[in-house]
Amino acid sequence: MATITRPARVTPAEALAVATTLALPALVQGVVMPRPRMVRLAVLTGADRHAIGLLGRLRTAYGGGPLLVRAAGRHVLLPLASQDVRAVLEDRAFTPAGRLQRGSLAHFQPDGVLITAEPGLRERRRELNERVLSADFTPYARIVEEEAATLPRSGVLTWPRFHAAHRRIVRRVVLGDGARGDVTLSGQLDRLRRDANWAGLRGRRTDVRGAFQRRLDRHLARAEPGSLAGVLAGTRAGPDVHAEGQVPHWLYSFDGGAAVSFRALALLASHGGVPGRDHLRAAVLESVRLWPTTPAILRDLTGPARWDLPEGTTAVIYCPYVNRAEPGDSYRPELWLGGGGDAWAGVPFGAGFAGCAGAELLLFTSATLLGALLRERSVTPSVTLEDPVPVTLDHFRLSFAVKAADR
């Protein structure tokens with residue numbers, strides 16, 4: 001790809017501000033496994049709001065183009081405008097299998113497609129993920145409905161209660177009904193994810209990783225019909241693809257759907273009405289746009305790109321900024337219903353060749369769960385999300401007053 005321009009280089013003082021205002025709070029909150037106390041602190045201090053404000057000021061000061069930041073001995077590219085964000089995500093010169101990603105995710109999914117750097121193998125693993133994760137969703141509706149029925153029809157719906165039900169959905173969808181009660185498996189993955197927050201600064205827990213893998217292998221060996229494990233067992237793949245090695249990422253990514261759904265429930269309850277399925281889906285997408293589960297998308301430069309960049313540059317797409325900068329801070333379901341025209345709606349599930357392969361599955365299960373909840377209940381959130389909605393929403397402290405819906 002021909003080089004067409006050079007990004008603007010920020011000053012050392014501005015680079016320090018980026019490091020302390022963007023990078024440090026994101027790392028403290030937990031990139032792979034959120035830390036509840038640190039999330040609460042971020043809300044109280046307005047960390048995300050300050051980061052968004054800083055990037056907005058820098059974008060104005062430097063004319064709107066991408067910025068080049070020198071921090072901790074590395075060059076970081078910050079694309080801020082929608083066309084530049086798209087350019088990074090669509091350019092294969094920027095790989096998702098960067099140093100930091102490998103150091104983090106290899107704690108629990110060393111064979112995952114996202115951190116596979118080898119060309120050819122990465123494409124074969126991606127193809128497998130797409131085939132399995134886009135299979136018929138019909139069997140999963142029953143699972144979601146059954147778990148939704150376990151949630152209270154009166155009283156208070158808290159995050160721990162909701163998260164536990166959502167994790168049962170995840171285990172059943174991914175591994176089958178036989179994994180419904182296997183909270184140990186989820187706990188082992190949590191422990192590995194907490195280590196992954198430290199990337200390569202913390203050694204690998206081979207004992208926990210081995211115990212997790214043995215448990216996971218027993219579930220996969222059943223290959224239950226009506227589960228992703230069943231679909232995976234019937235999908236041909238070469239031995240180098242390591243098909244079973246993709247499953248930890250499904251469990252990890254799917255678990256993020258709990259926070260997405262809980263926040264979407266607050267959006268729907270705050271804006272009234274009994275939505276149809278399309279609106280439920282739009283609410284989920286707005287939840288991810290407004291409060292990304294992944295604070296930043298990282299891509300490492302591996303070859304010539306459209307900008308003149310130093311070797312080893314890392315592109316950082318700061319999702320809280322890029323998802324709001326152009327669409328705004330209001331709840332806008334029309335962006336996903338055809339009423340938004342060609343308006344930029346951010347990158348709630350990434351984009352390009354490494355976009356989330358399971359996005360449609362998560363949207364289906366989340367919308368089904370929200371529909372099941374609202375069909376028989378009226379809910380009132382502990383925080384009313386009036387426009388403009390807050391930059392940070394602490395789902396750990398969010399709750400709902402629940403009563404049976406009027407018939």
Side-chain angles (χ1 to χ4, degrees), residues 137-173 177 180-181 226 254-291 293 330-340 348 359-390 392-407:
F137 297 162
T138 305
Y140 311 138
R142 172 187 63 84
I143 293 171
V144 175
E145 293 279 351
E146 289 176 357
E147 296 301 342
T150 69
L151 295 172
R153 287 182 169 80
S154 63
V156 179
L157 176 59
T158 63
W159 166 250
R161 185 84 179 266
F162 182 87
H163 192 203
H166 190 273
R167 283 197 157 179
R168 292 194 296 271
I169 292 172
V170 171
R171 290 192 296 266
R172 293 177 68 185
V173 168
D177 292 346
R180 182 181 188 268
F254 210 162
D255 189 58
V260 170
S261 301
F262 210 50
R263 292 168 177 154
L265 184 61
L267 285 171
L268 291 165
S270 298
H271 289 83
V274 180
R277 186 164 190 88
D278 288 345
H279 279 82
L280 293 169
R281 187 179 187 277
V284 176
L285 283 160
E286 277 294 271
S287 174
V288 193
R289 179 182 75 84
L290 293 165
W291 304 290
T293 56
S330 297
Y331 175 53
R332 296 187 59 192
E334 72 275 6
L335 289 170
W336 315 101
L337 295 169
E360 288 300 325
L361 174 59
L362 188 146
L363 289 169
F364 173 84
T365 53
S366 294
T368 303
L369 177 58
L370 293 172
L373 282 169
L374 294 173
R375 188 167 57 245
E376 298 182 349
R377 304 165 182 84
S378 63
V379 299
T380 303
S382 55
V383 177
T384 301
L385 302 177
E386 298 178 347
D387 290 335
V389 299
T392 309
L393 180 59
D394 184 357
H395 61 279
F396 295 109
R397 297 174 67 90
L398 182 63
S399 63
F400 296 85
V402 181
K403 64 179 182 179
D406 296 332
R407 295 186 180 277

Nearest 0.5 Å, please: how far is [atom2] in [Y] from [atom1] in [X]?
| X | Y | atom1 | atom2 | result |
| --- | --- | --- | --- | --- |
| Leu268 | Leu280 | CG | CG | 6.0 Å |
| Ile169 | Leu369 | CD1 | CG | 4.5 Å |
| Thr392 | Leu290 | OG1 | CG | 11.5 Å |
| Thr158 | Arg397 | OG1 | CZ | 13.0 Å |
| Ser366 | Phe262 | OG | CZ | 13.0 Å |
| Asp394 | Arg263 | CG | CZ | 8.0 Å |

Show the nearest heavy-atom pair for residues [X] and [Y], with the distance to one decimal.
| X | Y | result |
| --- | --- | --- |
| Ala165 | Thr150 | CB-OG1, 4.2 Å |
| Ile143 | Gly226 | CD1-O, 4.4 Å |
| Ala372 | Ala148 | CB-CB, 3.7 Å |
| His271 | Leu267 | ND1-O, 2.9 Å |
| Ser270 | Val383 | OG-O, 4.1 Å |
| Leu374 | Leu265 | CD2-CD1, 3.8 Å |

So does [X] pair up with [Y], basic N to acidic O under 4.0 Å?
| X | Y | answer |
| --- | --- | --- |
| Arg168 | Glu146 | no |
| Arg171 | Glu147 | no |
| Glu286 | Arg289 | yes |

query: What's the verdict on side-chain contact (heavy atoms from CB on, under 4.5 Å) for Leu361 and Tyr140, showing C-alpha distance, side-chain angles and the deciding distance?
result: CA-CA 9 Å; Leu361 174 59; Tyr140 311 138; 3.7 Å; yes

- prompt: When you look at Val144 and Phe364, which way does the side-chain contact (heavy atoms from CB on, under 4.5 Å) test go after all the steps?
  reply: CA-CA 10 Å; Val144 175; Phe364 173 84; 5.8 Å; no

query: Does Leu362 offer a backbone N or O that forms a donor-acceptor pair with the side chain of Thr365 under 3.5 Å?
result: yes

- prompt: Do Asp255 side-chain atoms and Arg167 backbone N/O form a donor-acceptor pair below 3.5 Å?
  reply: no

Qualifying residues under side chain to side chain contact (heavy atoms under 4.5 Å, CB included), relative to Ala266, sequence neighbours excluded: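 With neighbours one apart ignored, the set is Pro381, Leu385, Leu398, Phe400.
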
task: Describe, in one word, how the ring planes of His395 and Trp159 are oriented to each other, choosing from parallel (under 30°), tilted (30 to 60°) and perpendicular (over 60°).
output: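 Rings of His395 and Trp159: perpendicular, as their planes differ by over 60°.
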
- request: Using the test ring pair (Phe, Tyr, Trp, His ring centres under 6.0 Å), find all partners of Phe254 that sit at least two apart in sequence or belong to another chain.
  value: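 None.
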
- request: List the steps, then state whether side-chain contact (heavy atoms from CB on, under 4.5 Å) holds for Val284 with Trp336.
  value: CA-CA 10 Å; Val284 176; Trp336 315 101; over 6 Å; no

task: Go through the steps to decide whether Leu151 and Val402 satisfy the test side-chain contact (heavy atoms from CB on, under 4.5 Å), and finish with yes or no.
output: CA-CA 10 Å; Leu151 295 172; Val402 181; over 6 Å; no

- line: With sequence neighbours left out, the residues meeting salt bridge (Lys or Arg N to Asp or Glu O under 4.0 Å) with Arg377 are none

